[in-house]
Asker: 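Let me begin by handing over the structure; questions about it come next.
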Number of protein chains: 2
Amino acid sequence: MSDVAHEANVSQATVSLVLNDVDGSGISQSTKDRVRVVAARMGYRPNAVARSLKLQRSDTIGFVSDQITTTPYAFGLVQGAHDAVRSFGRHLLISNVEHPGDVPRKVAEEMAVVELLERRVDGIIFASRFHRTLDVPSALNEVPSVLLDVAAVDHSLASIVPDEYTAAKNVCQLLLDVGHTQVVHLSTPHETPSVTMRRRGFVDAMTEAGLADSAVTIMGSGDSTPEGYITALEVLSAPSHPTAIFCHNDEMAWGVYQAAAEVGLVVPDDLSVVGFKNVSLVAPMLRPGLTTVELPHYGMARWAVSYLVEGRTDPVQEVVECPIVVRDSVIPPGLTGQLTRNQENR
Amino acid sequence: MSDVAHEANVSQATVSLVLNDVDGSGISQSTKDRVRVVAARMGYRPNAVARSLKLQRSDTIGFVSDQITTTPYAFGLVQGAHDAVRSFGRHLLISNVEHPGDVPRKVAEEMAVVELLERRVDGIIFASRFHRTLDVPSALNEVPSVLLDVAAVDHSLASIVPDEYTAAKNVCQLLLDVGHTQVVHLSTPHETPSVTMRRRGFVDAMTEAGLADSAVTIMGSGDSTPEGYITALEVLSAPSHPTAIFCHNDEMAWGVYQAAAEVGLVVPDDLSVVGFKNVSLVAPMLRPGLTTVELPHYGMARWAVSYLVEGRTDPVQEVVECPIVVRDSVIPPGLTGQLTRNQENR
DNA sequence: CATGAATTCTAATTCGTATTAGCAATTGAC
DNA sequence: GTCAATTGCTAATACGAATTAGAATTCATG
């Protein structure tokens, strides 16, 4: 900047005033033009580090997560945060806490936050790959922060989570609406909010339909495709099998498709299936397309960024609706044979 | 730091010397202890921005990509870069160029790089979601840079790409080794290095096996699962169908599985299938598990980071080997009925 | 022509740290 | 008791920009 100033025969202050378009600076148009031309000619490029130091603001947001950058699951979160941040002219500093290695997770998380604070981020988004309850790093209180998909034990920080309970209830209702009465919930043996809320949504939907007794929840040994397959195989091999299955997630739903094919059942003719999460690599690729619940990760992350950029600090607890994505895996029970499978599945 | 200095009755310089453990500084042990205690008690946290300004080094690496952060495909690249960077005590500034919107891609890329330069990153990794040839932003020359999965038109920058040609040749060889002679390559109508190198690998493997005449490459209308399905359906419905299919990627291979099921063919009994990319959400989840090629994205990204951290600037053109991941989708042709499908597929 | 007002610019300071030259006090040697 | 060497610390400066108080010049007015 000094070089530009010298070359344009003005002071460094003038260059700063011109390039930042400070109004009320009273620089004559001719000087402004001259400075701009010289700066362009010399290829002047502002030093954001110096700028940050002076302004006490880095135009950078920290993003701490567990496995998000690392897995193909919740990349909508990073994507939303990244896009939103860029649209505000800021940048994203990502810190993934995954391999705790020798240090316990809690310590690793705290360290990640502290490192971001040292870099003077203007705010921090603390995200989880799935909705869970956490004892959140205390250093988060030193800067505006938002919890993404994380239910904190105390509610002193703003947070945004999906309404998985209502979503689960709604997809189940969708099954009930077309006439299913024998619905099984294929769940997974974890006790995160994600899991329990989906279970509760299922149970409540069934109960309200007067089907409390037939609301069967079955626990697989995990939440992946092969685990869904194995569990579904048992369920579907039994003499009387359900006419619909509500899966904890799309991956397990795929396992259900595989198990159904194995025992000669056709989806959706003999078995309706719904998933959860709308995994882009799975749900739309299955044949027939899987009806599922969309977790609005992208929008949630955008909201989190907006919250920080707007300078808010109030501890709102946002709960967002999850839209149902209807595809072709649900039809009324007992329609077997009435539809020619190959044709109606596009 | 001044506050700490004042509280410990020393100068700011002393605090700096102590906290940075400068050797040869000649600070007495007692003073060191005192300073450290005071700093800890006051919760002193260094300002990385000021540090960067003074040291002319940000300990930050820029990561520019097209769709990586955004899609579940090549997340191994971000993951590797992130982990490597963290292990060196640095941070990653991610800039995804995707929605060019009103500005052309080239301009958007150049802008992304320039923004990173303004933030004084110590180096830039310029990555692509898939291996392709690009006219790379010229601003990359102003800072140490590595091209990841990008073949630049000129070779002035270091780059690292997978050896897709050899990998393709090798998987095809694997099919030939077990006895297949009627092999079809299911490709996609793009002309990126990824696509052409896999095609060439296929053709060369076939030619070297004396099967040049039966080396059939079929182009789908795209590279996704449904597109693979549609194309495979045609291929497999023909009176005489191949005994093995080499797919451009895992997603298309899944489409082949679906098409096979549709026409009553069993994988691998009636049809062997190999994919490419080892997509974690697909290849291991298919039944039978898909034999495919692993693109070593994680390791490539780590290499790129190491290159930058080591301060290298030589324009190496690294080409890395892609391991084959053997699962259960390949067996010799003509074994139909000899294996009981349900049992051997785990 | 003097005075005040407006215009146009600059000098000086600041942000928080790293680093070097050098000062003061202590110790050692004779 | 003197000088040199050593120990232990500090003052001062720089990094690159933003910002403010005010200087220098021009203009308008009576």
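Just so it is clear: chains get the letters A, B, ... in the order the sequence lines come, proteins before strands, and each one is counted from 1.
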Asker: Measure the distance from CG on D33(B) to C1' on dG8(D) and round it to the nearest whole Å.
Answerer: 15 Å
Asker: When we call it a touch if two heavy atoms are under 4.0 Å apart, what does V10(B) touch: a base, just sugar-phosphate, or nothing?
Answerer: sugar-phosphate
Asker: Tell me what T14(B) touches on the nucleic acid: a base, only sugar-phosphate, or nothing, going by heavy atoms under 4.0 Å.
Answerer: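 Counting heavy atoms under 4.0 Å across all strands, the contact made by T14(B) includes a base.
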Asker: Could you check whether any side-chain heavy atom of D59(A) comes within less than 4.5 Å of a side-chain heavy atom of D122(A), counting everything from C-beta outward?
Answerer: yes
Asker: Is the closest side-chain heavy-atom distance between I125(A) and L308(A) below 4.5 Å?
Answerer: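 Yes; the side chains approach each other to less than 4.5 Å.
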Asker: Between atom CZ in R120(A) and atom C1' in dT17(C), what is the gap in whole Å?
Answerer: 11 Å
Asker: Are side-chain heavy atoms of V107(A) and P104(A) found at a separation under 4.5 Å?
Answerer: yes
Asker: Looking across every strand, which nucleic acid part, if any, lies under 4.0 Å from L53(B) by heavy atom: base, sugar-phosphate, or nothing?
Answerer: base
Asker: Quickly work out the D59(A) CG to dA17(D) P distance and round it to whole Å.
Answerer: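 For the pair D59(A) CG and dA17(D) P, the rounded distance is 15 Å.
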Asker: Any N or O donor-acceptor pair under 3.5 Å from the base of dA14(D) to the side chain of Q56(B)?
Answerer: no
Asker: Is any side-chain nitrogen or oxygen of N47(B) closer than 4.0 Å to OP1 or OP2 of dC15(C)?
Answerer: no
Asker: Starting from C1' on dT17(C), measure out to CZ on R45(B) and report it in whole angstrom.
Answerer: 17 Å
Asker: Check the distance between dG16(D)'s P and D3(A)'s CG and give it to me in whole angstrom.
Answerer: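 After rounding, the reported distance stands at 9 Å.
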Asker: Can you check whether L134(A) reaches V153(A) side chain to side chain, under 4.5 Å on heavy atoms?
Answerer: no
Asker: What nucleic acid atoms does S16(A) come within less than 4.0 Å of, heavy atoms only: base, sugar-phosphate, or nothing?
Answerer: base
Asker: Which nucleotide in the set dT20(D), dA18(C), dA17(D) lies at the smallest distance from any side-chain heavy atom of R51(B)?
Answerer: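 Nearest to the side chain of R51(B) among the choices is dA18(C).
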Asker: Does A50(A) or T31(B) map to a spot on DNA chain D nearer the 5' end, using the closest nucleotide for each?
Answerer: T31(B)
Asker: By nearest atom, which of the nucleotides dA17(D), dA11(D), dT10(C) is closest to the Q12(A) side chain?
Answerer: dA17(D)
Asker: Could you walk me through whether L93(B) and I61(B) pass the side chain to side chain contact (heavy atoms under 4.5 Å, CB included) check?
Answerer: CA-CA 6 Å; L93(B) 221 35; I61(B) 301 233; over 6 Å; no
Asker: Of the listed nucleotides (dT20(C), dT14(C), dT17(C)), which one gets closest to any side-chain atom of K54(A)?
Answerer: dT14(C)
Asker: Would you indicate which nucleotide in dA18(C), dT10(C), dT19(C) comes nearest to any side-chain atom of A13(B)?
Answerer: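 The answer is dT19(C), which lies nearest to the side chain.
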Asker: Indicate whether OP1 or OP2 belonging to dC9(D) is found under 4.0 Å from a side-chain N or O atom of S28(B).
Answerer: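 Answer is yes, contact under 4.0 Å.
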Asker: Could you tell me the separation between the CD1 atom of I27(A) and the P atom of dA24(D), rounded to a whole number of Å?
Answerer: 17 Å
Asker: What's S25(B) touching, base or sugar-phosphate or nothing? Going by heavy atoms closer than 4.0 Å.
Answerer: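 Counting heavy atoms under 4.0 Å across all strands, the contact made by S25(B) includes a base.
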